[in-house]
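Chain naming here is simple, since letters A, B, ... match the order of the sequence lines and numbering starts at 1 in each.
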Amino acid sequence: MRVLLFGRLGDVAGWRERVLATPPVDLSALRDSLAGDDPALGEALTGPGVQVAVDQELTRGERMLAGVAEVAFLPPMSGG
Amino acid sequence: MIRLQTEPLDVGALTAAFCAGRSETGAVATFIGLARAEGGATKVLELEAYSGFTEKRIAEMVEEARTRFGLHDVSVVHRIGPVAPGEAVVFVATAAAHRREALEACDHLMDYLKSRAPFWKKEHGPDGERWIEPTGKDLADAKRWDQ
């Protein structure tokens with residue numbers, strides 16, 4: 001499963017794309033795992049206005065990740 | 001046509017191509033947004049998009065405008081990556097039977113793009129870099145179309 005970070009989230013983490021060999025069971029587990037590796041990123045992911053897209057569809061709340069190819073964390077958008 | 005590109009926009013060629021081969025379109029409106037230097041505060045504007053996702057969101061905005069204004073055609077071409085002041089960031093063209101629909105649709109699309117399109121913009125200046133979020137004015141401009 002691919003994890004994508006955009007905007008300032010990518011700057012905080014120092015990476016913008018990462019492939020996880022074993023996908024976490026759900027979004028909470030994914031956030032926990034990212035926060036375990038990098039507490040600053042963990043905090044940024046729960047910041048105001050951060051949206052989550054699962055396989056390119058915006059998602060609210062919890063979501064199981066079985067069979068999911070891509071999870072993206074989207075900070076507030078700048079617009080075009 | 002909806003396209004994101006890292007290459008500079010050739011707005012003349014885009015306009016000519018958009019106007020070509022039309023016999024029922026009476027009006028084409030275009031908007032070209034340029035990157036501003038902000039009095040020297042911005043050396044480079046860097047735009048990040050989410051490939052696939054960004055195009056899909058723009059396509060939804062285009063579809064809404066097409067229906068609302070009865071457009072014949074729409075083109076949105078947007079730069080991504082580093083853009084220097086003075087270079088075109090975005091090209092929007094709308095085609096309709098008459099000018100009012102073409103002009104209003106172009107205005108409407110730009111307001112939506114400025115406030116809702118999934119881009120992340122970073123200004124690189126002499127004092128460092130900062131991420132930009134839509135201004136209150138951008139959000140108010142987009143709300144004008146909500147009635």
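With a threshold of 4.5 angstrom between heavy atoms, B/Glu129 approaches chain A through side-chain atoms but not through N, CA, C or O. For chain B, the nearby parts of A/Leu74 are the backbone and the side chain; heavy atoms of each come within less than 4.5 Å. Only the side chain of B/Arg57 comes within contact range of chain A, judged by heavy atoms closer than 4.5 Å. The contact between B/Lys122 and chain A is made entirely by side chain atoms (from C-beta outward), counting heavy-atom distances below 4.5 Å. Residue A/Glu17: no heavy atom, backbone or side chain, is found under 4.5 Å from chain B.
Between A/Phe6 and B/Trp120, the ring planes are parallel. Angles under 30° get that label, and only those over 60° would be called perpendicular.
At most 12 heavy atoms of other shown residues, nucleotides or ligands fall within 6.0 angstrom of atom CZ in B/Arg99. Surrounding CD of B/Glu24 are at most 12 heavy atoms belonging to other residues, nucleotides or ligands under 6.0 Å away. The neighbour count for A/Glu43 CD, taken as heavy atoms of other residues, nucleotides or ligands under 6.0 Å away, does not exceed 12.
Closest non-hydrogen pair, B/Arg36 versus B/Pro85, comes out as C-CB, 4.1 Å.
The most heavy-atom pairs under 4.5 Å with chain A, out of B/Arg79, B/Glu48, B/His78, B/Met110, come from B/Glu48. Of all the listed residues (B/Arg130, B/Arg116, B/Lys114), the one sharing the greatest number of non-hydrogen pairs under 4.5 Å with chain A is B/Lys114.
Classification of B/Arg144 and B/Asp111 as a salt-bridged pair holds, one side-chain N sitting under 4.0 Å from a carboxylate O.
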